[in-house]
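Report on the following structure.
Atoms within each ligand, like the ligands themselves, are counted from 1 in listed order. Given the structure is predicted, the values throughout are model-derived calculations rather than measurements. Along the sequence shown, residues are numbered consecutively beginning with 1.
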Amino acid sequence: MTKPIYILNGPNLNLLGTRQPEVYGTVTLDKIQDGTAAHALKQGFSTVFRQTNSEGELVDWCQEAARHACALILNAGAYTHTSIALLDALLALDIPIIEVHLSNLYKRESFRHNSYVTPAATGMICGLGAQGYLRAIDALKDILKRPTPNKADTD
Ligand code: CA2
């Protein structure tokens, strides 16, 4: 059986839908989970969807994804901008990683312009709100069916 796509969410994303709707929209994380799981299922993927406020737990889950997931979608919240531990964990993965952010980081404060996740990610989606999670599934559908190129083809 195909391994699931892990969808991991970092600190404070459990508060979605309660405050700052002008930045993050009105949708709750539960609704994002339901919508993403349904969309993934239509594309033939199962999902594991989690949120944590703890940096260590997020690192543990990335390590778990290395063993149990076919791909990772990650919204690391504010750890995106601070966590070298998370970057190190992600660099050890050899599955596709799509970084997702609800807001457009580049329209916001300059401290949000740097991401420690992006150097380890296959691609990054930001500014599309909850749609970003669905577009990440679509991208993974394409990426995962892509055959690994022969070394000769890339020389
Ligand atoms: O845009 C995103 O998805 C972010 O990852 C969200 C993080 C932020 O630190 C990143 O720079 C961008 C923050 C999530 C906090 O979400 C809240 C939602 C409602 C109320 C308070 C916080």
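- Take Asp60 and apply the salt bridge (Lys or Arg N to Asp or Glu O under 4.0 Å) test, not counting sequence neighbours, and it matches no residue.
- Among all protein heavy atoms, the one lying closest to atom 14 (C) of ligand 1 is Leu13 CD2, 3.8 Å.
- A salt bridge links Arg135 with Asp138; the closest basic N to acidic carboxylate O contact falls under 4.0 Å.
- Counting only heavy atoms of the protein, atom 8 (C) of ligand 1 lies nearest to Arg112 NH1, 3.3 Å.
- The distance criterion of under 3.5 Å between nitrogen or oxygen atoms is not met by Arg19 with respect to ligand 1.
- Of the protein's non-hydrogen atoms, Gln20 OE1, 3.6 Å is the one closest to atom 21 (C) of ligand 1.
- Hydrophobic clustering (side-chain heavy atoms under 4.5 Å, transitive across Ile, Leu, Val, Met, Phe, Trp, Tyr) groups Phe49 together with Ile5.
- Among all non-hydrogen protein atoms, the one lying nearest atom 15 (C) of ligand 1 is Asn12 CB, 3.6 Å.
- Both Ile32 and Val23 belong to a common hydrophobic cluster when Ile, Leu, Val, Met, Phe, Trp and Tyr are linked at side-chain heavy-atom distances under 4.5 angstrom.
- With a 4.0 Å heavy-atom cut-off, ligand 1 is reached by the side chain of Asn75 but not by its N, CA, C or O.
- Tyr133 and Asn9 share a donor-acceptor pair across their side chains, judged by distance under 3.5 Å alone.
- Among protein heavy atoms, atom 1 (O) of ligand 1 sits closest to Ser103 OG, 2.6 Å.
- Atom 2 (C) of ligand 1 has as its closest protein heavy atom Leu102 N, 3.4 Å.
- Under the 3.5 Å distance criterion, the side-chain polar atoms of His81 are left unmatched by any main-chain donor or acceptor of Ser115.
- At a 3.5 angstrom cut-off on N or O pairs, Leu16 does not count as close to ligand 1.
- Looking only at protein heavy atoms, the nearest one to atom 18 (C) of ligand 1 is Tyr24 CD1, 3.6 Å.
- Only the side chain of Leu105 comes within 4.0 Å of ligand 1, counting heavy atoms alone; its backbone N, CA, C and O stay farther away.
- For ligand 1, one of its N or O atoms has an N or O atom of His101 under 3.5 Å away.
- Between the side chains of Gln51 and Asn53, at least one donor N or O lies within less than 3.5 Å of an accepting N or O.
- Considering backbone and side-chain N/O of His81, one or more are found under 3.5 Å from N/O of ligand 1.
- Of all the heavy atoms in Pro96 and Cys70, the pair that sits closest is CD-O, 3.5 Å.
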